[in-house]
Amino acid sequence: MDQFSELSPLLAEAKSADAGRLQTFRLKVRPSYEERGGKLYHLWDTDEGLTQRRASGCCVFLPGGMGHGEIWFPFILPQMEERRCLAFSIPHCQSFEEYADAVASILKERGVQTATIVGQSVGGLAAQVFARRHKDMTLGLALCMTGAPAADLPAGERRRWTDRRLLRLRLSVLPFGAAKRSMGREAYVRNCPDAYYDRLLFWKAYLEESYEHAVYKQQHVAINAVMLPRLYAGSRWAAGELGIADERVLVLYSEADKTFRESDQAALSALYPGAARVNLGDAGQLSMHAHEDAAVQLVAAHARMCAQ
């Protein structure tokens, strides 16, 4: 399979508008690679190859726990004529701080001075770390289906993120190559409410393809069993310390989210009391896809406001 343009048989069989858009994205925005600290950062830059790259008012997209930045293609395609967009994957970093600093370094090298940082799930955590470490580059945040290691997060909820020894052990002995496609399917089944199961089958196929072709074991272990517990064990974030106004923070959430649950959402809300908060629907982590039109419009409008 030509991963830059062709669809796998799995995705081609989906025969949906989403499959067509993905193929369009792969033709228009080719992935590139940057090395930092011995790790390859995969990214999709809509200004790649242009003589005049746009340097400000950009949107930077950070992915969830799968770590594959291409998943943001439905949000990038409608915006790429209006603003420069860059999506990053997450390699096998040892901390969110390492990841945020590498992203900042790559952005600066590519001429990006400021950006609105958009992140879903784990990417939402990375976006908040980025904003705290690189305030001068951060125009605003769009935090989607995520939480935060806030100081007032209940101890039991914090342990859910810090105590990942069994997960790390299980992942270390897992025959990862043979299990990758089933991991995508399991992620879909775990997160997709019954009412949306048939409607979102393209995303089941996309997760299966992505886990099979774009996710590697060291990366998966690092994100889920190293970076997450270190962040929640070592951080006690408080309101008012972000360095940008709450009005420049957009929070998209779902009351049906099984990953970042009610207490996570309450902690995030308390961190940014002046942020705009929008309940995106009842599809949990998949709400960004189940209610894609609304999500795309909200993120684009927020980026537009932050760039003014």
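Computed from a prediction, not measured in an experiment: that's the story for all the values here.
- Following chains of ILVMFWY side-chain contacts shorter than 4.5 Å, one can reach Phe73 starting from Met66, so the two form part of one hydrophobic cluster.
- In this structure, the side chains of Asp246 and Pro273 come closer than 4.5 Å at one or more pairs of heavy atoms.
- Looking at heavy atoms from C-beta onward, Val215 lies out of side-chain contact with Met183 at the 4.5 angstrom threshold.
- Looking at Thr162, its side chain never comes within 3.5 Å of a backbone N or O of Ala233 through a donor-acceptor pair.
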Decide yes or no on side-chain contact (heavy atoms from CB on, under 4.5 Å) for Arg236 and Arg158, but give the supporting numbers first.
-> CA-CA 10 Å; Arg236 299 291 189 277; Arg158 189 177 296 274; 3.1 Å; yes
Could you go through the side-chain contact (heavy atoms from CB on, under 4.5 Å) check for Leu125 and Thr146 one step at a time?
-> CA-CA 7 Å; Leu125 297 170; Thr146 192; 3.9 Å; yes
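- No more than 12 heavy atoms of other residues, nucleotides or ligands sit less than 6.0 Å from atom CZ of Arg159.
- Linking Ile, Leu, Val, Met, Phe, Trp and Tyr residues whenever their side-chain heavy atoms come within less than 4.5 Å leaves Val60 and Leu298 in two separate clusters.
- Hydrophobic clustering of Ile, Leu, Val, Met, Phe, Trp and Tyr side chains at less than 4.5 Å, counting indirect connections, unites Phe75 with Val278.
- Nearest heavy-atom pair, Met227 versus Ser95, reported as atom, atom and distance to 0.1 Å: CE-O, 3.6 Å.
- Not a single donor-acceptor pair under 3.5 Å links the side chain of Ser105 to the backbone N or O of Asp101.
- Across all their heavy atoms, Val249 and Ala275 have their closest contact at O-CB, 3.3 Å.
- For residues 248-292, every residue pair satisfying the ring-ring contact (aromatic ring centres under 6.0 Å, His included) rule, not counting sequence neighbours, is listed here: Trp161-Phe260, Tyr196-His291, Trp203-His289.
- The line from CZ of Arg277 to CG of Leu252 is 10.0 Å long, rounded to the nearest 0.5 Å.
- Transitive grouping of hydrophobic side chains (ILVMFWY, heavy atoms separated by less than 4.5 Å) brings Met288 and Val189 into a common cluster.
- Considering every non-hydrogen atom in both Leu153 and Ala148, the closest pair reads CD2-O, 4.1 Å.
- Note that NZ of Lys204 is 10.5 Å distant from CG of Asp198, once rounded to the nearest 0.5 Å.
- Taking all atoms of both residues into account, the shortest heavy-atom contact from Ala127 to Leu143 is CB-CD2, 4.0 Å.
- The 12-atom threshold is not exceeded at CG of Leu166, counting heavy atoms of other residues, nucleotides or ligands nearer than 6.0 Å.
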Mind running salt bridge (Lys or Arg N to Asp or Glu O under 4.0 Å) on Asp18 and Arg21 for me, showing each step along the way?
-> CA-CA 5 Å; Asp18 295 306; Arg21 286 188 303 160; 2.4 Å; yes
In sequence, state the C-alpha distance, the side-chain angles, and the governing distance for Trp237 and Leu231, and then conclude on side-chain contact (heavy atoms from CB on, under 4.5 Å).
-> CA-CA 10 Å; Trp237 292 346; Leu231 179 68; 4.1 Å; yes
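- Between Tyr99 and Tyr41, the angle of the ring planes stays under 30°, which puts this pair in the parallel group of the 30/60° scheme.
- Here OH of Tyr197 is found 11.0 Å from CG of Leu286. Values are rounded to the nearest 0.5 Å.
- The number of heavy-atom neighbours closer than 6.0 Å to NZ of Lys135, taken from other residues, nucleotides and ligands shown, is above 12.
- Residues Phe130 and Phe96 keep their aromatic ring centres 6.0 Å or farther apart.
- Using a 4.5 Å heavy-atom cutoff, the side chains of Leu268 and Gln128 are in contact.
- Side-chain atoms of Ser287 come within 3.5 Å of backbone atoms of Ala283 as a donor-acceptor pair (strictly under, hydrogens ignored).
- A heavy-atom distance below 4.5 Å is found between the side chains of Cys306 and Arg248.
- Here the straight-line distance linking atom OG1 of Thr114 with atom NE2 of His134 works out to 14.5 Å at 0.5 Å rounding.
- The pair Glu98-Arg36 does not meet the salt-bridge criterion, since no charged nitrogen lies less than 4.0 angstrom from a carboxylate oxygen.
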Test Gln285 against Asp257 for side-chain contact (heavy atoms from CB on, under 4.5 Å), laying out the working first.
-> CA-CA 6 Å; Gln285 284 286 318; Asp257 194 340; 2.9 Å; yes
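- Here the straight-line distance linking atom CD1 of Ile117 with atom CE of Met137 works out to 7.0 Å at 0.5 Å rounding.
- The neighbour count for Glu262 CD, taken as heavy atoms of other residues, nucleotides or ligands under 6.0 Å away, does not exceed 12.
- Just one of Leu250, Leu242, Val118 meets the side-chain contact (heavy atoms from CB on, under 4.5 Å) condition when paired with Leu141; it is Leu242.
- The pair Glu97-Arg133 fails the salt-bridge criterion, with no side-chain N (NZ, NE, NH1 or NH2) lying under 4.0 Å from an Asp/Glu carboxylate O.
- Within the 4.5 Å cutoff, no side-chain heavy atoms of Phe176 are placed close to those of Val221.
- Taking all atoms of both residues into account, the shortest heavy-atom contact from Asn224 to Pro229 is O-CD, 4.1 Å.
- Taking 4.5 Å as the limit, some side-chain heavy atom of Arg110 sits within range of a side-chain heavy atom of Glu48.
- Both Ile76 and Met145 belong to a common hydrophobic cluster when Ile, Leu, Val, Met, Phe, Trp and Tyr are linked at side-chain heavy-atom distances under 4.5 angstrom.
- To the nearest 0.5 Å, atom SG of residue Cys59 and atom CE of residue Met80 are 13.0 Å apart.
- Summarising the geometry of Leu201 relative to Tyr188, their closest heavy-atom pair is N-OH, 3.6 Å, with the distance given to 0.1 Å.
- Contact of the Glu157 side chain with the Arg160 side chain is registered, since non-hydrogen atoms from C-beta on lie closer than 4.5 Å.
- Inter-residue side-chain proximity for Glu70 and Arg26 is flagged as met; some heavy-atom pair is nearer than 4.5 Å.
- For Ser89 (side chain) and Gly69 (main-chain N/O), a donor-acceptor pair under 3.5 Å exists by modelled atom type.
- Residues that satisfy the side chain to side chain donor-acceptor pair (under 3.5 Å) test with Arg83, not counting sequence neighbours, are Gln79.
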